Amino acid sequence: MTPNDPTLHEVTAGPSATPAPGRTAAPDAPSAPPLVTRFLLRVAPWLAAIGRFVRHQVRFTLMLVGAGWGTLRESLRPNAWRRPVIFEFRSCLRQVIAGGLISTVVTATLAGLMVVSQAAYWLGFAGMAQMTGSILVSVLVREITPILMGIILLGRSGMLSLTQIGLMVLNGQVRTMQARGLDPFLTLVMPRAFAFMVGGFSLGIIFAVVSLLMGFFVAHATGAINSSVWTFFFNVLAAMTTWDYLIIPLKFLLVGFFVGLGACISGLTVSNNDTIATLMPRGFARGIMLIMVVNILFMLDF
């Protein structure tokens, strides 16, 4: 073995020598992940669970906002109101007004007996009979009437639309409509939402008039009110401000619109696991929530 022998250089070089051609160096050992990465890996499942919960809770709200904007936008198109859409609007409007008329009159009579007569009696007893009109406008017409009208609208017609559209989705009729070139949103959601809006305004006006009229008759019979019916209604109208003439009809319109839109959206978004027993309680709870949200928003702003 001579000093120029390549084998000698290979042996003396040791492990730090350059590997021979054709050989690869052994990979380095993996370094431990930093502290932040380990923390994120631990909390990632919890963050994912929170995200799924929040997304599930706000899903209906986001869909409602998008559907409301889409309904208003599509209603302005001239070719949106075709013959099937107009037919759906008329039939739904007829069902909303005719189906809720008796319930509205009965509930308004009871509300008039409890609110108008009692308010007239106790305000007259306290010597503040001149405040009867303003109290009735603030309490009965502006606050109680939209809530009770919305509940009647939801129970009598909203649940019916929810059930009809939900069964159409479960039975495949909505897919059949899409296969025929009919948009379920334009054919089912848009006309029903506007029918509920017009019906809500009509039933709200009927509720306010009947409740005031029945309350006046009872209060006049008991001696709490001595003026005529025309004077009574004149005092009520005189107690209304300019904003009241705008806010009260707008409340009726928006409550009816969102009750109908919420029922239709809840019906269109059913899954294969849903039944009538699970669909109706969810739709009713959403409708009550929408009624209260609309009234609370108006209460905060005005």
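Just so it is clear, the structure is predicted and the values come from calculations on it, not from any experiment.
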**OP:** Give a yes or no on this: more than 12 heavy atoms of other residues, nucleotides or ligands lie within 6.0 Å of atom OH of Y245.
**Re:** yes
**OP:** Consider only side-chain heavy atoms of I, L, V, M, F, W and Y, link residues closer than 4.5 Å, and tell whether L160 and I165 are in one cluster.
**Re:** no
**OP:** Could you tell me the separation between the NZ atom of K251 and the CG atom of N295, rounded to the nearest 0.5 Å?
**Re:** 4.5 Å
Original post:
In chain order, what residues pass the side chain to side chain contact (heavy atoms under 4.5 Å, CB included) check against F87, with sequence neighbours excluded?
Top reply: none
**OP:** Please lay out, stage by stage, how V141 and I248 fare under the test side-chain contact (heavy atoms from CB on, under 4.5 Å).
**Re:** CA-CA 8 Å; V141 181; I248 294 173; 3.6 Å; yes
Original post:
Counting distance only, does the side-chain N/O of W81 pair as donor-acceptor with the main-chain N or O of I86 below 3.5 Å?
Top reply: no
Subject >> Min side-chain heavy-atom separation V255-L153 under 4.5 Å >> reply: no
Show me the donor-acceptor pairs within less than 3.5 Å that the side chains of residues 186-208 make with the rest of the protein, sequence neighbours left out.
unit_1: T187; atom_1: OG1; unit_2: D183; atom_2: O; d: 2.8
unit_1: R192; atom_1: NE; unit_2: E88; atom_2: OE2; d: 2.8
unit_1: R192; atom_1: NH1; unit_2: S161; atom_2: OG; d: 3.1
unit_1: R192; atom_1: NH1; unit_2: Q164; atom_2: OE1; d: 3.0
unit_1: R192; atom_1: NH2; unit_2: E88; atom_2: OE2; d: 2.7
unit_1: R192; atom_1: NH2; unit_2: Q164; atom_2: OE1; d: 3.2
unit_1: S202; atom_1: OG; unit_2: V198; atom_2: O; d: 3.0

**OP:** Might you point out which heavy atoms bring R42 and P45 nearest each other, and give the distance in Å?
**Re:** O-CD, 3.4 Å
Original post:
Is there a side-chain contact between S228 and T231, using heavy atoms and a 4.5 Å cut-off?
Top reply: yes
Subject >> Working for side-chain contact (heavy atoms from CB on, under 4.5 Å), residues T278 and V270 >> reply: CA-CA 10 Å; T278 60; V270 297; over 6 Å; no
Please tabulate, for the side chains in residues 92-108, all donor-acceptor contacts under 3.5 angstrom to protein atoms that are two or more places apart in sequence or on a different chain.
unit_1: Q95; atom_1: OE1; unit_2: S157; atom_2: OG; d: 3.2
unit_1: T104; atom_1: OG1; unit_2: G100; atom_2: O; d: 2.5
unit_1: T107; atom_1: OG1; unit_2: S103; atom_2: O; d: 2.7

**OP:** With rounding to the nearest 0.5 Å, note down the distance linking CD1 in I296 to CZ in F298.
**Re:** 13.0 Å
Original post:
F258 versus V293: any side-chain heavy-atom pair under 4.5 Å?
Top reply: no
Original post:
Residues two or more places apart in sequence or in another chain: which of them pass side chain to side chain contact (heavy atoms under 4.5 Å, CB included) with L246?
Top reply: W243
Subject >> Set of residues satisfying side chain to side chain contact (heavy atoms under 4.5 Å, CB included) with respect to I50, sequence neighbours excluded >> reply: V54
Original post:
Under the side chain to side chain contact (heavy atoms under 4.5 Å, CB included) test, which residues partner N273, sequence neighbours left out?
Top reply: S271
Subject >> Residues which pass salt bridge (Lys or Arg N to Asp or Glu O under 4.0 Å) with R83, listed by chain and number, not counting sequence neighbours >> reply: none
Subject >> Rounded distance (nearest 0.5 Å) linking atom CD of Q178 with atom CZ of R175 >> reply: 8.5 Å
**OP:** List in chain and number order the residues that pass side chain to side chain donor-acceptor pair (under 3.5 Å) with T176, two or more places apart in sequence or in another chain; answer none if no residue qualifies.
**Re:** none
Original post:
Which heavy atom of V174 sits nearest a heavy atom of P184, and at what distance?
Top reply: CG1-CG, 3.6 Å
Original post:
Please walk me through it: do M240 and L237 pass side-chain contact (heavy atoms from CB on, under 4.5 Å)?
Top reply: CA-CA 5 Å; M240 295 177 62; L237 293 177; 4.0 Å; yes
**OP:** Can you measure from CE (M292) to CD1 (I147) and round to the nearest 0.5 angstrom?
**Re:** 4.5 Å
Original post:
To the nearest 0.5 Å, how far apart are CG in L290 and CG in L254?
Top reply: 11.5 Å
Original post:
Tell me, do R82 and N79 make a side-chain contact under 4.5 Å, heavy atoms counted?
Top reply: yes
**OP:** Output all residues satisfying side chain to side chain donor-acceptor pair (under 3.5 Å) with D244, sequence neighbours left out; order by chain, then residue number.
**Re:** R142, T241
**OP:** Mind checking side chain to side chain donor-acceptor pair (under 3.5 Å) for S91 and listing every partner two or more places apart, or none if nothing turns up?
**Re:** none
Could you go through residues 60-70 and list every donor-acceptor pair under 3.5 Å that involves a side-chain atom there, pairing it with any protein atom two or more places apart or in another chain?
none

Original post:
Any side-chain heavy-atom pair from L213 and T109 closer than 4.5 angstrom?
Top reply: no
Can you give the donor-acceptor pairs under 3.5 Å from side chains of residues 279-288 to other protein atoms, not counting sequence neighbours?
unit_1: R282; atom_1: NH2; unit_2: D274; atom_2: OD2; d: 3.1
unit_1: R286; atom_1: NH1; unit_2: S266; atom_2: OG; d: 3.1

